[in-house]
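Everything on this sheet refers to the single structure shown next.
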Amino acid sequence: MPIPVRSILTRTDDLLLDAGRIRWSVAERIRWGNEAMGAILIRRPSAFARRSVHALQAGTYQTLPAGGALFLDLVRNIGPDGVTPGRPVRRTDRQLLDDADPNWHRIKAKAEIKQYTFDDRLPTVFYVYPPAIAGANVELIDAALPADVAEDDEAGSFQIGAEYMEPVVNYVAYRANCKDSEFANGQIAGAYYQAFEAALGGQSVAQVNASPNQPTTSV
């Protein structure tokens, strides 16, 4: 469920002691809320994870669908109808492929992908083996930033789960106290930034502990 802009404004009214929104305007707070989305994506890509049936381009080199900011996983092949599940795709190390066959980028293209490799330094790029036939379908998971909320859209919503309310509020309060004005306070800003980081860290631990992949949570 998205977070209404009005909820962020109301909560920061209280924290900043600025119910009239005179010291820190609505436009500024919405802009900082938009910034918070990017800060959260870096720390918690799962907040913006999406699943799609993605048509590959010809060859080994691949890029994410429109709007993709970070590659997360390539799950399986999907049939030409975009629905029929196919063979799983396994992650591998590029050096292993290079050592096994230095010419693997030039071998015959196929519709079924067996493996993929990913370099953390290129977050929107991945490679597939064997080279893909143009249009071959795979099930892809990536993270994509939502569109910014317009700075005058008080009725809008930040497209992130409601469980991220606290980090977004703390980020906006942090940015407000960093503003170069007579009301800025570096010490308070630092405290809000630490609260932002701590909230995300606490959520990360809780998410790991609750994961069905953990032996202690399995039935």
Side-chain angles (χ1 to χ4, degrees), residues 1-51 64-73 118-124 141-211 214:
M1 182 177 178
I3 300 175
V5 168
R6 288 196 176 102
S7 294
I8 300 298
L9 295 175
T10 300
R11 294 191 180 213
T12 53
D13 284 346
D14 297 336
L15 291 176
L16 299 173
L17 303 179
D18 187 24
R21 300 168 188 170
I22 298 170
R23 296 180 179 180
W24 296 281
S25 69
V26 168
E28 287 175 314
R29 298 191 209 186
I30 292 177
R31 183 163 65 248
W32 296 329
N34 289 327
E35 284 182 18
M37 302 299 106
I40 292 171
L41 182 140
I42 293 171
R43 295 159 178 81
R44 292 293 304 279
S46 61
F48 301 99
R50 63 180 184 178
R51 178 262 184 197
L64 296 181
L70 177 63
F71 174 87
L72 297 179
D73 198 6
F118 172 71
D119 188 327
D120 292 310
R121 297 169 297 183
L122 296 169
T124 63
I141 300 175
D142 68 348
L145 273 176
D148 283 350
V149 177
E151 294 181 9
D152 60 351
D153 187 8
E154 292 187 46
S157 295
F158 294 106
Q159 298 303 306
I160 190 172
E163 65 271 25
Y164 291 94
M165 172 80 78
E166 182 182 354
V168 175
V169 168
N170 285 328
Y171 188 90
V172 172
Y174 148 68
R175 290 289 283 114
N177 280 283
C178 284
K179 183 180 175 182
D180 185 17
S181 74
E182 61 182 299
F183 306 109
N185 188 312
Q187 186 174 2
I188 295 176
Y192 277 121
Y193 187 79
Q194 290 178 358
F196 165 75
E197 294 273 13
L200 291 177
Q203 284 185 340
S204 180
V205 171
Q207 187 177 51
V208 169
N209 290 339
S211 170
Q214 293 295 321

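Taking 4.0 Å as the cut-off between side-chain N and carboxylate O, Glu163 and Arg44 do not count as a salt-bridged pair.
For Arg31, the CZ atom counts as densely surrounded, since its 6.0 Å shell holds more than 12 non-hydrogen atoms of other residues, nucleotides or ligands.
Between Ile8 atom CD1 and Arg29 atom CZ the span is 11.0 Å, to the nearest 0.5 Å. Of the inter-residue distances, the one linking Asn177 atom CG with Leu16 atom CG reads 6.0 Å to the nearest 0.5 angstrom. Taking CD of Gln159 as the start and CE of Met1 as the end, the distance is 11.0 Å to the nearest 0.5 Å. For the atom pair CD (Gln194) and OH (Tyr174), the distance works out to 11.5 Å, reported to the nearest 0.5 Å. With rounding to the nearest 0.5 Å, the separation of CD in Glu154 from CD1 in Ile30 is 6.0 Å. Here the straight-line distance linking atom CG of Asp142 with atom CG of Leu64 works out to 5.0 Å at 0.5 Å rounding.
Contact of the Phe196 side chain with the Ile40 side chain is registered, since non-hydrogen atoms from C-beta on lie closer than 4.5 Å. Here the side chains of Phe48 and Pro146 are in contact, with some heavy-atom distance below 4.5 Å.
Summarising the geometry of Trp32 relative to Ala176, their closest heavy-atom pair is CZ3-CA, 3.4 Å, with the distance given to 0.1 Å. Leu15 and Ala173 make their closest contact through CD1-CB, 4.4 Å (heavy atoms, listed as atom of the first residue, atom of the second, distance). Residue Thr124 comes nearest to Gly68 through the heavy atom pair CG2-O, 3.8 Å, listed as atom of the first residue, atom of the second, then distance. For Ala69 against Leu41, the heavy-atom pair with the smallest separation is CB-CD1, 4.1 Å. The two residues Arg50 and Pro65 make their nearest non-hydrogen contact at NH2-O, 3.6 Å. For the pair Ala49 and Leu72, the tightest heavy-atom approach, listed with the atom from each and the gap, is CB-CD1, 4.0 Å.
Panel note: side chain Asp18, backbone Trp24; a donor-acceptor pair is recorded below 3.5 Å. A donor-acceptor pair under 3.5 Å links the side-chain atoms of Arg43 to the main chain of Ala39, judged by distance alone.
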Item to check | Step-by-step side chain to side chain contact (heavy atoms under 4.5 Å, CB included) determination, Met37 to Val168 | outcome: CA-CA 8 Å; Met37 302 299 106; Val168 175; 3.7 Å; yes
